[in-house]
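Working notes, structure below.
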Amino acid sequence: MKQPMIALMTDFGTEDGYVGAMKGRLLSIAPTARIIDISHSITPFNIRQGAFCLNNSYPHFPDKTIFVGVVDPGVGTNRRGLIVKTSQHLFVGPDNGLFSYVFHREGYQTYAIENENLTGPVSPTFHGRDVFSQIAARLANGEPLAKLGSSVTAAYSFISKPDLKAQGSIELEVIHVDHFGNLIFNFTRNDWLESGANPDLKLVLNKQEFGPPVKTFGSVGDGKFSLNWDSSDFLQLVLNKGHAANKIGINTGHPATLQL
Amino acid sequence: MKQPMIALMTDFGTEDGYVGAMKGRLLSIAPTARIIDISHSITPFNIRQGAFCLNNSYPHFPDKTIFVGVVDPGVGTNRRGLIVKTSQHLFVGPDNGLFSYVFHREGYQTYAIENENLTGPVSPTFHGRDVFSQIAARLANGEPLAKLGSSVTAAYSFISKPDLKAQGSIELEVIHVDHFGNLIFNFTRNDWLESGANPDLKLVLNKQEFGPPVKTFGSVGDGKFSLNWDSSDFLQLVLNKGHAANKIGINTGHPATLQL
Amino acid sequence: MKQPMIALMTDFGTEDGYVGAMKGRLLSIAPTARIIDISHSITPFNIRQGAFCLNNSYPHFPDKTIFVGVVDPGVGTNRRGLIVKTSQHLFVGPDNGLFSYVFHREGYQTYAIENENLTGPVSPTFHGRDVFSQIAARLANGEPLAKLGSSVTAAYSFISKPDLKAQGSIELEVIHVDHFGNLIFNFTRNDWLESGANPDLKLVLNKQEFGPPVKTFGSVGDGKFSLNWDSSDFLQLVLNKGHAANKIGINTGHPATLQL
């Protein structure tokens, strides 16, 4: 028995039954599909957090996994619904930046979901159930992409790389604060190599200086700050056994300067 | 291989291992069952929230899905355990109103779970594991209903419909506040048709007037209120890209008046 | 088709995609495995809460279930990674006390995970993905324990039993506060039998006296305190339809005295 995998990420929480509705719909259309929860606790409407979460997860899934991502403040308006195809995976969700990291990292093709290809009524407030789950389940059933959407070229991405050729210092920002309070910056190990791989890199944040990167959280004492490379190779500032973001009192979007 | 589906909804949270215990028990009795999480974040003891969550989810699941619902402040007292059978689904849980919407929408038969039909010890504080999971798993294994419960006629429902024949206005209440802060009222699109389908319906809440319904959240500007029909066809008041309940400062149970 | 079961418990939350990464990795290595979520909402770094959660769950799972537990403040330092084998189950995770109850209740063998047995890069900040998920998936695929770890004798446990032979009274502590606010003590029904099974046992907490145990929450009126035996046979203090911990204002670690 074929068991296609469908992985879900939403900002719905679970307490209203919206996620249950999506799972029910998926299984009604694709009864043998295996449903895997990535998250339903993305902060409501926080597209960038959703994109970051997806970026940490999707590369590790088997080939042919279908991802449904729904963080969708524009549901029911004229924003497009997308199917994104890479060499390994398929992604279904709104064209609002949720797949920015996929576009940044992978070769891809994009298809706009066409209303006339959908079956059944479509609630203007719940495309997660009536559009994206339907499309994902039909992809899982092997329906060809061309029956579900039409090829389009541009899709929205919010990612802008820092200026790696800047002299002396690079302006960064906090792109994510994780569950443990770690502050993650828009600068990867590859960016570091590209910028010259200065082993003494230092980060200045709120006039405090941190760095260079160490191996892991516990490389410094309890309650001490350190820089390291996170598990997706982003630069992060952490507080050993503490919550760096609360301790410093900053959040996503805060600027920082990397000294080379 | 037969893979019966069992969908779970509880107010347990997951951090104590109670949900894990239920899943383990289900899989020990019905090893091929597929377990689908609807929610474990119903507010503790909030039967009405659980009923609402289940109502948003169950209609979309495949035939023969077995739902286990546990929001059960009366566990271990003499409240009955129920099996509810509809033309499509089975429901297992306490007889405390958790299945009110099922009773409201479906034809159904109810069976009281009889202690003498249970195997193994039963903790008086954890029927979710020792009674409801056991019954659901045995149903999944194909045991006949008559071996597990005895037919009963009355089951508790908390739903009372608004007076749709009232002249001029209908008294409603907020029955649910969802994850996004949307305020949902006990008035459906069908109720609207039944009451005369006035296209200019207006809702008065805290002396503010809202309406008539628009298509979706983004039909009005950011930070603006609007009425629309939610994805289960209830009337809802929403704040585009905001949290209506917090903004207005009200919660479940708050009255409102619908002007026709 | 063989469908080994892998049950997950972490303190990761789901919103950063770390759990998604683990699931993806597990399914990439062991594509037919069934992944069951126990919890991802253990309080960050709270090893004792994780151990308690696992203790409530694992005994109910089918034979051969593989548990991956990750509450791991020491990730990337020289704390060991463990595989624990009991007569029924396998456990994979850090050697930091997370499996204390397993050691307390079961016969077991322990194996230290050896770096040279791992394949692929290992992030020093994410052993949940690169070490423990890899090991669990390879166990699910049937790889022998001896290929993955080397037998070791000592493993860390934080459990110390109360002095059951004390005269007149036994000093206890709150070992867990659950989702409902129930206060759970390090004293089981077996401890009670061992200490003489006094039917009139009374608990003194903050100079208030509670007991003897009753059957269930609703054995006393709404808003009343009572003692009972929880579903894993620990003594607990509960507030019927309320939150005992908030009402009394205490948390894990608080002392109490049991009078015999």
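Note that the coordinates shown come from a computational prediction; the quantities given were computed from them, not determined experimentally. Residue numbering restarts at 1 for every chain, and letters A, B, ... go by the order of the sequence lines.
Atom NZ of A/K224 is surrounded by 12 or fewer heavy atoms from other residues, nucleotides or ligands within 6.0 Å.
When heavy atoms are compared at a cutoff of 4.5 Å, A/V177 approaches chain C solely by way of its backbone atoms N, CA, C and O. Of the two parts of C/D11, the backbone and the side chain both hold a non-hydrogen atom closer than 4.5 Å to a non-hydrogen atom of chain A. Proximity to chain C (any heavy atom under 4.5 Å) is shown, for A/D37, by both the backbone and the side chain. Contacts between A/N228 and chain C at a heavy-atom distance below 4.5 Å involve the side chain alone, from C-beta outward. No part of C/I35 comes within reach of chain A, as not one of its non-hydrogen atoms sits under 4.5 angstrom from that chain. For chain C, no part of A/M9 is nearby; none of its heavy atoms comes within less than 4.5 Å. Residue contact with chain A, scored on non-hydrogen atoms closer than 4.5 Å, involves the backbone and the side chain of C/S28 alike. Using a 4.5 Å cut-off between heavy atoms, C/R79 does not touch chain A at all.
Side-chain contact between A/S226 and A/V238 is present, with heavy atoms from C-beta onward closer than 4.5 Å. The closest side-chain heavy-atom distance from A/M22 to A/F126 is below 4.5 Å. You'll find the side chain of A/F234 stays beyond 4.5 Å of the side chain of A/F187, heavy atoms only. For the pair C/V84/C/F67, no side-chain contact is recorded, criterion being any heavy-atom separation below 4.5 Å from C-beta on. Within the 4.5 Å cutoff, no side-chain heavy atoms of A/F103 are placed close to those of A/I159. A/L235 places none of its side-chain heavy atoms less than 4.5 Å from the side chain of A/I184. Side-chain contact between C/V131 and C/L118 is present, with at least one heavy-atom pair separated by less than 4.5 Å.
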Verdict with supporting geometry, C/V19 and C/T10, side chain to side chain contact (heavy atoms under 4.5 Å, CB included): CA-CA 8 Å; C/V19 171; C/T10 76; 3.9 Å; yes
CA sep, side-chain torsions, deciding dist, call: A/I248, A/L183, side chain to side chain contact (heavy atoms under 4.5 Å, CB included): CA-CA 10 Å; A/I248 302 182; A/L183 298 163; 3.9 Å; yes
Full working for side chain to side chain contact (heavy atoms under 4.5 Å, CB included) between C/V70 and C/H127: CA-CA 9 Å; C/V70 191; C/H127 287 195; over 6 Å; no
Chi angles and distances behind the side chain to side chain contact (heavy atoms under 4.5 Å, CB included) call for C/D230, C/N182: CA-CA 9 Å; C/D230 89 347; C/N182 302 326; over 6 Å; no
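Of the listed residues (C/P121, C/S123, C/A21, C/P73), the greatest number of heavy-atom pairs within a distance under 4.5 Å of chain A belongs to C/A21. With respect to chain A, the highest number of heavy-atom pairs below 4.5 Å among C/I29, C/V75, C/T77, C/L27 belongs to C/L27. Contact count versus chain A (heavy atoms, under 4.5 Å) is highest, among C/G74, C/G13, C/S133, for C/G13. Here A/S231 is the residue among A/S232, A/S231, A/G218 with the most heavy-atom pairs under 4.5 Å with chain C. Chain C forms more heavy-atom pairs under 4.5 Å with one residue of A/Q49, A/R34, A/H243, A/K241 than with any other, namely A/R34. Of all the listed residues (A/F180, A/Y58, A/F52), the one sharing the greatest number of non-hydrogen pairs under 4.5 Å with chain C is A/F180.
Annotation: residues 142-157 of chain C contacts chain A through no residue [non-hydrogen atoms, separation under 4.5 Å]. For residues 38-47 of chain C, a heavy-atom distance under 4.5 Å to chain A picks out C/P44, C/F45, given by residue number.
In the model, C/H254 has no side-chain atom that pairs as donor or acceptor with a side-chain atom of C/E173 under 3.5 Å. Judged by distance alone, the side chains of C/H89 and C/D63 never bring a donor and an acceptor atom under 3.5 Å apart.
Each of C/I83, C/L90, C/I135 was evaluated against C/I66; a single residue qualifies, C/L90, per the side-chain contact (heavy atoms from CB on, under 4.5 Å) test.
Salt-bridge formation is not detected for the pair C/R80/C/E114: no Lys NZ or Arg NE/NH1/NH2 atom is positioned less than 4.0 Å from an Asp or Glu carboxylate oxygen.
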